[in-house]
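In what follows, a structure is listed as structure tokens, so that the remarks can point back to it.
Atom set for the values below is all heavy atoms of this structure, side chains included, hydrogens, waters and symmetry mates excluded. When a ligand or atom number is given, it counts from 1 through the structure's own listing order.
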Amino acid sequence: MRARALDAAAEERRDNALLTKAIAAYLELLKMNDRLSDQRLKEIGERTLDRIRFRGNYMGAEPVYKLLINRFPDDPGYRNNLSISYLMANRADLAEDVLKEILQRWPKDRVALAHLGFVLKTRHNRLEEAVDLFQKALEGDIGPANEPRFYYHLGDALLLLGRYEEAHQVHVRGAKLGHFLSPSQRSLYNVERLKSRPWWNLDETPYTKLARSLENSWREILKEGNAARAMYEEEKEGLKERGEWSQLDLFVRGQEIPERCKRAPVTCSIVRREAAAAGCRRGQIKFSVMEAGTHVRPHVGPTNCRLRMHLALTNTKNTFIRVDKEIRQWETGKVLMFDDSFEHEVWHNGTGARLVLIVDVWHPDLTPAERRQLPSI
Ligand code: OGA
Ligand code: MN
């Protein structure tokens, strides 16, 4: 009763301190679990888990799941949810062990198959095995793993393996199920009504002024990008098939990185004048350098809420970017604009390190309220 009263008061007053007390009281009660009936244990356990998740303390869920798994050893659901809590807590190592246990006993459990596929892909880059697991989890496009992110990761693993035809089939299936905006526009964080097109003309956006300012200052921006070369970080998402590709973030999720902007004052002062760029919480502003011989595999960005500008700075000869079906080339000192939620791919078949400045801006169809309220990515 004490737990329930605290819980209700926390909810009513939206008070996190009370919620913490309520969770502690539930956990005390659960310590006496041998005196609770199956039904009561289930009810109290699930309410406790719900409150722990709401609080965002994913490791805190572990002891509760262990109790439930002990009492209901034949229900794979609690083990699956424990593994999901581990993933949310960035403990893929612990999740992996639990998922393997589940699959030993329930080899066809689709939730476990899909999550283990996710772990093998993202943690170990074991792409073939991940593909096999996803395929079993999604067979017939039915069942509890039928979720956008698993279609995304299956297609993406196939793309990374260069199995383009199979990837395309998965993307068509995903789009038919409504998981993707279209087979080629596969971002997962979307606002539905936004105008969708791979390449944009600047004149159709409110961003011509920003683009012209960037173009007018491209030589200084190039100098700043070159001077900071020691600070660039290698791209780590495994997107490149071969070559070298590094980036230097200046703004991330609408937040300036002050030490970096000190090194690139002209660049940052230009983008600061456009709130839709400097404040784009679903984007970045960064330099991107790519060595000759690099190929970046087809991939998509996470959201349709931004458009992406590239100011070309140097060594753009014989470099190419495909967005959806159309390949274009950079022109030094000029801005290109595209929607990176569409599949895109890059080749550097030229010589020297190609440098571009990438500037994300809010999609022009987003309302001011959406720009304020959309959670960052
Ligand atoms: C991108 C991208 C590669 C590059 O901007 O989304 O994939 O050319 N760019 O730097
Ligand atoms: Mn990209």
Point to revise | Hydrophobic cluster partners of Val346 (side-chain heavy atoms under 4.5 Å) | key: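 Once heavy-atom contacts under 4.5 Å are chained together, Val346 belongs with Trp199, Leu239, Trp245, Met290, Val296, Ile321, Val323, Trp330, Leu336, Phe338, Phe342, Val356, Ile358.
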
Practice item. Measure the shortest side-chain to side-chain distance between Pro302 and Leu188 over non-hydrogen atoms and say whether it is less than 4.5 angstrom. Key: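 No; the side chains remain at least 4.5 Å from each other.
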
Practice item. Show the numbers, then the answer: is there a side chain to side chain donor-acceptor pair (under 3.5 Å) between Ser187 and Asn190? Key: CA-CA 7 Å; Ser187 47; Asn190 300 317; 2.6 Å; yes

Practice item. Quickly, which of Gln185, Lys325, Arg322 forms a side chain to side chain donor-acceptor pair (under 3.5 Å) with Glu343? Name it, please. Key: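 Only one of Gln185, Lys325, Arg322 forms a side chain to side chain donor-acceptor pair (under 3.5 Å) with Glu343, namely Arg322.
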
Practice item. Show the protein residues that qualify under the rule heavy atom under 4.0 Å from an atom of ligand 1, listing them in chain and number order. Key: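 Ligand 1 pocket, heavy atoms under 4.0 Å: Trp245, Ser288, Met290, His299, Arg308, His310, Trp330, Phe338, His344, Val346, Arg354, Ile358.
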
Review point. Closer than 2.8 Å to the Mn ion (ligand 2), which protein N, O or S atoms?
Key: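 Atoms qualifying: His299 NE2, His344 NE2.
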
Review point. If you draw the axis of the six-membered ring of Phe72, does the NZ or CZ of Lys42 fall within 45° of it and under 6.0 Å from the ring centre?
Key: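 Relative to the ring axis of Phe72, which defines the angle, Lys42 lies inside both limits.
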
Do any side-chain atoms of residues 130-145 form donor-acceptor pairs under 3.5 angstrom with protein atoms, and if so which ones, sequence neighbours left out?
| residue | atom | partner | partner atom | Å |
| --- | --- | --- | --- | --- |
| Asp141 | OD1 | Tyr151 | OH | 2.6 |
| Asp141 | OD1 | Arg173 | NE | 2.9 |
| Asp141 | OD1 | Arg173 | NH2 | 2.8 |
| Asp141 | OD2 | Arg173 | NE | 3.3 |

[Y] and [X] side chains, donor-acceptor separation under 3.5 Å:
| X | Y | value |
| --- | --- | --- |
| Asn216 | Ser213 | no |
| Glu345 | His299 | no |
| Glu234 | Ser246 | no |

